[in-house]
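Here is the naming used below: chain letters follow the sequence lines, and residue numbers restart at 1 for every chain. Just so it is clear, the model here is predicted, and its values are computed rather than measured.
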Amino acid sequence: MGYDAKNPMKDRITDIGPRDYKEFLPPVIKKNFGKWLYHEILEPGVLLHVSESGEKVFTVRVGGARLMSVTHIREICDIADKHCDGYVRWTTRNNIEFMVDSEAKLKPLMEDLEKRKFAGGSLKFPRGGTGAGLTNIVHTQGWLHCHTAAIDASGVVKAVMDELYEDFGKMRLPAHVRISLACCLNMCGAVHCSDIAILGVHRKPPMVDHDNLANMCEIPLAVASCPTGAIKTTTVDGKKSVEVNNDKCMYCGNCFTMCPAMPLADAEGSGVAILVGGKLSNRITAPMFSKVVVPFLPNEPPRWPQTVEAVKKILNAYAKDAKKYERLGDWAARISWERFFEKTDLPFTEHLIDDYRFAYTTWRTSTQFKF
Amino acid sequence: MGYDAKNPMKDRITDIGPRDYKEFLPPVIKKNFGKWLYHEILEPGVLLHVSESGEKVFTVRVGGARLMSVTHIREICDIADKHCDGYVRWTTRNNIEFMVDSEAKLKPLMEDLEKRKFAGGSLKFPRGGTGAGLTNIVHTQGWLHCHTAAIDASGVVKAVMDELYEDFGKMRLPAHVRISLACCLNMCGAVHCSDIAILGVHRKPPMVDHDNLANMCEIPLAVASCPTGAIKTTTVDGKKSVEVNNDKCMYCGNCFTMCPAMPLADAEGSGVAILVGGKLSNRITAPMFSKVVVPFLPNEPPRWPQTVEAVKKILNAYAKDAKKYERLGDWAARISWERFFEKTDLPFTEHLIDDYRFAYTTWRTSTQFKF
Amino acid sequence: MVKRKTPMLDELEKGKWPSFVSDIKQEAESRNETDVDLQTPKEVCDDLLDLLELSFKDREGHWKHGGIAGVFGYGGGVIGRYCDRPEEFPAVKDFHTLRVNQPSSYFYRTEFLRKICELWERRGSGLTNMHGSTGDIILLGTTTPQIEEIFWELTHNLKQDLGGSGSNLRTPNCCIGKSRCEFACYDTQEACRNLTMEFQDELHRPSFGYKFKMKFDGCPNGCVASIARSDMSVIGTWKDDIRIDQEAVQAYVAGEFKPDGGGFAGRDWGPFDIVKEVIDLCPTHCMAWNGKKLGINNRECNRCMHCINTMPRALRIGKETGASILFGAKAPILEGAQLSTLTIPFMRMEEPFNEIKELVGKIWDWWSEEGRSRERLGELMQRKGFAKFLDVCGVKADPRMIKEPRSNPYIFWKEADIPGGWERDIKDFRKRHQK
Amino acid sequence: MVKRKTPMLDELEKGKWPSFVSDIKQEAESRNETDVDLQTPKEVCDDLLDLLELSFKDREGHWKHGGIAGVFGYGGGVIGRYCDRPEEFPAVKDFHTLRVNQPSSYFYRTEFLRKICELWERRGSGLTNMHGSTGDIILLGTTTPQIEEIFWELTHNLKQDLGGSGSNLRTPNCCIGKSRCEFACYDTQEACRNLTMEFQDELHRPSFGYKFKMKFDGCPNGCVASIARSDMSVIGTWKDDIRIDQEAVQAYVAGEFKPDGGGFAGRDWGPFDIVKEVIDLCPTHCMAWNGKKLGINNRECNRCMHCINTMPRALRIGKETGASILFGAKAPILEGAQLSTLTIPFMRMEEPFNEIKELVGKIWDWWSEEGRSRERLGELMQRKGFAKFLDVCGVKADPRMIKEPRSNPYIFWKEADIPGGWERDIKDFRKRHQK
Ligand code: SRM
Ligand code: SRM
Ligand code: SRM
Ligand code: SRM
Ligand code: SF4
Ligand code: SF4
Ligand code: SF4
Ligand code: SF4
Ligand code: SF4
Ligand code: SF4
Ligand code: SF4
Ligand code: SF4
């Protein structure tokens, strides 16, 4: 029994979809499905949900590197088996949630989680990520798996989270703060709508591998891929290829996505941009895009100190100055962007002024400004 | 002495510019230039300005058709000579201001102005246009002088102002209300930033006068003039001409501006659009564009009843519902545009949804709406 | 008089608002009766009314497209206009407009106005627009041969020049400013006049790719609408603190002074509530009222004028005054309407206005070089990017110039700013990365 | 173990936050010691670390562009990946990813997880992403021959299918919804599962011009970020009134209940002030508090959730629930990022979800017909205009779909709507208007 390469269609099963979530719901969840009355955050990372039926579910939320080994997952399973009748879930931001159906089971679970550490010394299951605080950084693949990455993902996230660790476990910020990271402009995630976004960017136009381009790419697709029309066909040493008008290039990497013979990544050219002020919820204000406030910081492995520093500056200025319930973007809009740059001590440069399709809608067409 | 057509350059004077305004300032104005301390609106159309020196100037503001005959101007001069030592001014919205330097002179001036009427019965010098009320409609040439007009100007303005006359002489609106009119999309004026704007629009693509086009127009300029690229060169009956892709045409008339052989105007096709919610001042909120809320109403000379009705609906709903100091656009934004259409009882149609360059920035990208 | 039959227009003689129809009729009659040696057709007003009546009937205008007309040596100031039914309406066969450059903020002595009237009765239609949207005195309708005559008389007898039209500097305009307004942060009238005189050549001789307008508002209230209608908007502002007279504030609170100078008197809005009407409406929330004293955190004020407008006897603009300069406003053709964009947060505005003249010079140079035909400055700014425009102005990027930073990550860099530059060797790269 | 030298990565073992480096190392060790009959290189984790170390050193990634890999009959679910230094790092020479379609909202029984672990240790790298940004369980790195084997075991032994990749429907995702959230306005998990099952073919066999994502949020809080990351965002809402428990309101005011369920407990914000924290922050200003009773003018409420979030024990969503449906969100490539646009203000969301399925069908048909290659739905909506999109959906234009009406007057009309149509005879016109 098993896959038979000589007879691949034999007993083939397809289109069965994912497993039914109903099989995986803990009994207390299943029983009270749709009957929840209210919730409370008992302490950072600990949620209580109370049902119409009077039943309760206690949830312990812990952070983690999204990248996890099967060894680690097995450890999670061990914990879930021990405390939670074999159920566990992940959140939409890559945290892990252990649920128990009585307060009595809560403390042993928490104690168990707390003491577990990796060999290197880091915590395996830091508790937190709830309420008006910082939760896990949503991120992407980086140098660990993706071919278009301008920066690493897991490495930068680890560096930033180590520094902001306190805020993961406290709920002392003016509102939810969501940090996200994407390693290139494809932005796999909601980086474009995050309170703070760390984004991998290139600054050099693609190199063209003339020798191989015609074999590796469909030239018309490569030409068509460029949003600024910077790519033209050409012939080099008798070989069909393309040429890039560097002055029109904005290093978006879309040509590389379509054509592997046009790599952009560069030790000096690629690095980090920081965006702020996006949000997703409709609470009070409507969802908003993040805005670029640091156009570039170099790639500085292993701990990206300038990136970490910039994120901290922003978070600290916000934490100090914003009002309760005020998201980062709402704070900046209220105090004015001129004050934002003052209070965060970030330099404002011409790179931050939009010059893409809707640029004009971001220009200040009034005399309302602060000296 | 005089112009000599045979010797046009003789004694020619050029580039002397306008007369120096300083010659034309009434003495009390000249003496207190830059020294004004504060103002008061004593009653509608009557302003008092008080100087640091203690001197005062009383201004009586009266409306008028912007189009005025020399006979009418001479009458204005008579009044100014009689009451104002021979000085008078116009405002930036085509009102006339008579100024006197003492309260004693005010009443006789006002009485004099009040009693003057045109033969047809209309007032010559209605007082008003100050404070939180309606002032004169800024407008353009219309069928009286311009070649691109989709509607008349003076006629529509007269029809609207007759109906809103009361509000010119009262200061009972929630804030300044500025109505403007432009007879075509060239929008000669600040129609694009008015509380209420009446705009002449076409709805039929240009006719092409193939017989004459090549003589009357530079074809490449005509082709280039079209913002949507709807115009192509062609040959008709052996003559070079252009053809219009009707489905791409948005009837903007820019081709006609460049090429007289492409007229758009049409008895049924041309008419009125109404825009609302623009403003110019930086008071509280920043200047804003007006927004189209009625895509089309037919030309209905001589009194444009549907246009008048729509303007009244808007003004009344605003007057009833808005808060003190709240401009029309701020009111609509506060109550939401869904409520605006309800309260003004105007139909919402797909024409009002933007599909030009920045269209996306006007779409509702949130779940925040009112049922 | 005999010929005219205008039933539709006659409807527009009714109602209270001044009737332009009645006025044209009175001019028509005056022309029929006058002793003046009219140089233009006596029936011009009659024919104009009849033609307009026809337009009302047809619901289409009856003017031909443009037409050449002008004065020698100037490229602007006259708009040619011909009737498209000349046989039926011979008196308005040609009906050209002259744009006469108004004196700053429309103050006049009657003596001057009477001279204009005399000239225009004799050599024109006797009809005007007081004033055109740009600001000019519009002399509405004359025949081709009269144009030079009028110009001669205007310049020689009235010491008065034409304004602009065509692809040139258009007649500048300003608010009433220091003449009668306590809010004026600089002398708008002088600035307007001074720049008008400085740029006479640009005003009269089209040398641009399209029109260019400048307008001067004394404060952010914007009474000449510069922010919406001028390629360069000069708007007064101040740098220091709003001056507060606490006693006068009390008088407002006590109801002794009426808010907004009495501008809301037509309706009962209830007693003045300083918290609701001022403190809470301040857009920057930089004001405080403790029942006795009004406080303003001036550093956070964005000078929107609301509090000053509302309590003009208690609050005054600061003393360190000047202007913000914004660029690029225009009507919607082609790329959509634009409001002007804040470019120079603060400039002193004092005679001889050298700083702003130099700035204008730089901008015109760039616009002339880079602008396409019929491309307004604002459109060029959009096409080239605002950062480029700042370069041209010699100004550093500043968050004050934008509503918010870009949300897209499509940043252009200069090659010089990138370590190692842009040129790389694919062979080198392939040493590190196999294909 | 012997080979590995990763001084830079080792730095990332320090600090409190869970270290992915430590975790990969523990997996590497486990692989070295295991008795499992590994079908993939034992050293895969070692080589991965070494390769990553090299990337840290070079500051450039070391994966080749794409690469073909997949399972027979499916067009998605596998991302091919090859190392660009295969000689030095042979264990990660091919390192393909499998996207396994997660069960709705990531609930698991350990039994299932352990099976995944067993399979992935044996046939893969032993490394995963829990979870990918779209929602899948990401099995991170295996060799080409293993792919079909894994698929066979997944489907046969785990009863579990792959998710999407490529130009197809991507794995749908949802928030936790009714499983544990009192705010859920519809059953997000069931909706997600039901539509996933309905569209298995579209999920597995690329037939679109580009990717299509759908996500299900139970309420406007948006915990699965659907409004930013899905071509179709289904967001719970209600039509009737917010349910108020006045006694519980009093308890909040009295300080007995903590605001926001205690979510602000980490800092002393002072006692709860219902006026400042709720009434004044309500974006529609539709709430009132008279010291005793909380009033909501529900007709004016835009259901932003703020008051409910702040006082979850006192306020509850309405009873007439369903969802708003928005379309077009996407990341910035090419035309800039988009948030989804409100298209269906309200739809009931009940099994068998026919209404939404039909809607999706109409939209896919249009997108397939009109969309260019690699054009996301949102971009097509922009290119064709929102009014056209409404047509496609069979929905009437409504002010709820826009932030504000157009400010430009460039309105397109249908010829049928214009009396007399578009075709006119220039000769006719010339009868009325000479040229
Ligand atoms: C578990 C999770 C849903 C899931 O399916 O996994 C979840 C669960 C809850 N969310 Fe959420 N949210 C979750 C991701 C999100 C996201 C998505 C994201 O961040 O990518 C958002 C949108 C964020 C944004 O606007 O940028 C989100 C915006 C909210 C909000 C609105 C917060 C705001 O101030 O704008 C609330 C309301 C509140 O906190 O009072 C909320 C409220 C809640 C409640 C209180 C709902 C309930 O009654 O159970 C849950 C516990 C809140 C807590 O953690 O403090 N949840 N929540 C997600 C946990 C992510 C994590 O591990 O940190
Ligand atoms: C005379 C005039 C200037 C001129 O050079 O001719 C003028 C004069 C004054 N304006 Fe104005 N404004 C004049 C056109 C404008 C315009 C331009 C326009 O409408 O095209 C605006 C911008 C309108 C807009 O925002 O759309 C304008 C917006 C203001 C404002 C701000 C009003 C607001 O609520 O946004 C004030 C402040 C106030 O009224 O308290 C103001 C205040 C004033 C004051 C009180 C200034 C003063 O202290 O003397 C003057 C008398 C106000 C009044 O009429 O109630 N003036 N004012 C213009 C009269 C036009 C008319 O005949 O009606
Ligand atoms: C006379 C006047 C209207 C009025 O009744 O007041 C006027 C009349 C014309 N304008 Fe204007 N514009 C007049 C002020 C304006 C303004 C307002 C302003 O200057 O403050 C604007 C909007 C501001 C702006 O410049 O953007 C304006 C925007 C236009 C446009 C659109 C320009 C654009 O970039 O979008 C055109 C089209 C063009 O230039 O080809 C235009 C074109 C015209 C033409 C020349 C018609 C044409 O297609 O060539 C009109 C001649 C009419 C005639 O028979 O006299 N007119 N025009 C105004 C000039 C009087 C004066 O000198 O005082
Ligand atoms: C694995 C994952 C990132 C992660 O680490 O979580 C991912 C990885 C890739 N994405 Fe993504 N995307 C992933 C979620 C997203 C999301 C988020 C989402 O789905 O909620 C987005 C933003 C939302 C959106 O779709 O707009 C996203 C927007 C993109 C784009 C830009 C699409 C656009 O229209 O702007 C590309 C470029 C492309 O499609 O050519 C892209 C392309 C890619 C490619 C296939 C790279 C490429 O250039 O072909 C990446 C493969 C990396 C690898 O080595 O595995 N990925 N990608 C996510 C999928 C995991 C999963 O199935 O759960
Ligand atoms: S953001 Fe870019 S580099 Fe990162 S995983 Fe997505 S496509 Fe790859
Ligand atoms: S990186 Fe982007 S802008 Fe540059 S050539 Fe490639 S597709 Fe064009
Ligand atoms: S708005 Fe149009 S029709 Fe009216 S005067 Fe200006 S150009 Fe002529
Ligand atoms: S009216 Fe405007 S859109 Fe239509 S053909 Fe002419 S220039 Fe083009
Ligand atoms: S713009 Fe300012 S300074 Fe000028 S008149 Fe208006 S209120 Fe006075
Ligand atoms: S001018 Fe405007 S911003 Fe400044 S204090 Fe007054 S109201 Fe506030
Ligand atoms: S989106 Fe709403 S329903 Fe879903 S988990 Fe978040 S708060 Fe609950
Ligand atoms: S849900 Fe939002 S809009 Fe509705 S009452 Fe509550 S705070 Fe106000």
Side-chain angles (χ1 to χ4, degrees), chain A residues 3 13 15-19 21 24 29 34 36 38-41 64-73 77 80-81 86 89-90 92 118 120 122-123 131-132 143 147 149 154 158 161-162 165 170-172 187-190 192-193 227 260 265 267 280-284 287 299 301-302 324, chain D residues 8 11-13 15-20 22-23 26-27 30 55-56 59-61 63 65 101 103-104 106-110 113 117 121 126 129 133 148-149 152 155 161 178-179 182 189 197 200 220-222 224-225 227-229 261-264 266-267 269 304-306 312-313 331 334 337:
Chain A
Y3 177 69
I13 298 177
D15 300 303
I16 55 168
R19 283 284 280 273
Y21 63 95
F24 292 161
I29 293 285
W36 300 104
Y38 67 88
H39 73 276
E40 255 175 64
I41 304 176
R66 175 184 80 149
L67 185 142
M68 43 184 72
S69 68
V70 297
T71 305
H72 193 61
I73 298 174
C77 291
D81 286 343
R89 84 173 283 260
W90 272 257
T92 60
F118 281 111
S122 64
L123 302 175
W143 292 332
H147 58 232
S154 304
K158 164 77 174 146
M161 281 309 279
D162 275 345
Y165 174 76
K170 304 247 157 74
M171 303 184 295
R172 62 185 182 185
M187 287 200 195
C188 302
H192 55 301
C193 298
L280 297 157
S281 82
N282 288 278
R283 185 179 192 170
I284 307 177
N299 259 322
K324 192 175 174 187
Chain D
M8 289 178 108
E11 283 297 313
L12 291 177
E13 293 200 86
K16 289 202 170 157
W17 190 251
S19 169
F20 71 100
S22 299
D23 193 10
Q26 88 175 355
E27 191 62 25
S30 149
S55 296
F56 272 46
R59 291 178 286 158
E60 287 169 0
W63 300 104
H65 188 293
N101 194 337
S104 284
Y106 311 121
F107 279 93
Y108 297 102
R109 293 195 58 162
T110 51
L113 284 177
C117 290
E121 179 179 24
N129 284 157
S133 295
E148 287 287 0
E149 303 278 359
W152 202 98
T155 48
D161 209 336
K178 286 184 185 274
S179 267
E182 72 270 32
Q189 292 169 282
M197 296 311 290
Q200 281 291 298
N221 279 334
V224 78
I227 201 163
R229 314 190 280 156
F264 287 83
R267 179 150 143 195
W269 290 96
C304 82
M305 295 295 296
H306 174 62
R313 290 182 75 159
L334 304 176

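- Interface summary for chain D: among A:Ala267, A:Ser281, A:Ala265, A:Gly120, the most heavy-atom pairs under 4.5 angstrom belong to A:Ala267.
- Ranking D:Val224, D:Ile227, D:Asn101 against chain A, the residue ahead of the rest is D:Asn101, based on heavy-atom pairs under 4.5 Å.
- Interface summary for chain A: among D:Gly261, D:Ser55, D:Pro18, D:Ser30, the most heavy-atom pairs under 4.5 angstrom belong to D:Pro18.
- A distance of 12.5 Å separates CD in D:Glu27 from CE in A:Met68, rounded to the nearest 0.5 Å.
- In this structure, CD in D:Glu149 is found 7.0 Å from OH in A:Tyr3, a value given to the nearest 0.5 Å.
- Taking the ring centre of A:Phe24 as origin, the terminal cationic atom of D:Arg109 falls outside the region bounded by 6.0 Å and 45° from the ring axis.
- Per-residue heavy-atom pair counts under 4.5 Å with chain D were compared for A:Asn282, A:Ile73, A:Val70, A:Asp81, and the maximum is reached by A:Val70.
- Your options are A:Ser154, A:Ala65, A:Ser69, A:Gly189, and the one with the most heavy-atom pairs under 4.5 Å with chain D is A:Ser69.
- When heavy atoms are compared at a cutoff of 4.5 Å, D:Ser104 approaches chain A by way of both its backbone and its side chain.
- Among D:Ala225, D:Cys117, D:Gly262, the residue with the largest count of heavy-atom pairs under 4.5 Å with chain A is D:Cys117.
- Atom CH2 of residue A:Trp143 and atom CD of residue D:Glu60 lie 8.5 Å apart, to the nearest 0.5 angstrom.
- Heavy atoms only, all atoms of each residue included: D:Ala228 and A:Leu280 are closest at CB-CD2, 3.3 Å.
- Looking at D:Asp161, its side chain never comes within 3.5 Å of a backbone N or O of A:Pro18 through a donor-acceptor pair.
- For A:Cys77 against D:Leu113, the heavy-atom pair with the smallest separation is SG-CB, 3.5 Å.
- If you measure heavy-atom distances from A:Lys170 to chain D, you find no contacts under 4.5 Å at all.
- Between the side chain of A:Thr71 and the backbone N or O of D:Gln26, no donor-acceptor pair lies under 3.5 Å.
- Using modelled atom types, no side-chain atom of A:Arg172 and backbone atom of D:Gly266 make a donor-acceptor pair closer than 3.5 Å.
- Between D:Arg313 and A:Glu40 there is a side-chain heavy-atom pair separated by less than 4.5 Å.
- Although no hydrogens or angles enter the test, the distance criterion places no donor-acceptor pair under 3.5 Å between the side chain of D:Trp17 and the main chain of A:Ser122.
- The main-chain N or O of A:Gly17 is found under 3.5 Å from a side-chain atom of D:Gln200 such that the two form a donor-acceptor pair.
- Contact count against chain A (heavy-atom pairs under 4.5 Å) is highest for D:Lys16 among D:Glu13, D:Lys16, D:Glu11.
- Between chain D and the residues A:Gly131, A:Pro227, A:Cys193, A:Ala190, the most heavy-atom pairs under 4.5 angstrom are made by A:Ala190.
- The OG atom of D:Ser133 lies 5.0 Å from the CZ atom of A:Arg66; values are rounded to the nearest 0.5 Å.
- Of the atoms belonging to A:His192, it is side-chain heavy atoms, and not backbone ones, that fall under 4.5 Å from chain D.
- Of all heavy-atom pairs between A:Leu67 and D:Asn129, the closest is CA-ND2, 3.5 Å.
- Expressed to the nearest 0.5 Å, how far CG of A:Asn299 lies from CZ of D:Phe56 amounts to 9.0 Å.
- Comparing D:Pro312, D:Pro220, D:Gly263 by how many heavy-atom pairs each has under 4.5 Å with chain A, the most go to D:Gly263.
- Across every non-hydrogen atom of D:Ala331 and A:Met187, the tightest pair is CB-O, 3.9 Å.
- Taking CZ of A:Arg283 as the start and CE of D:Met305 as the end, the distance is 9.0 Å to the nearest 0.5 Å.
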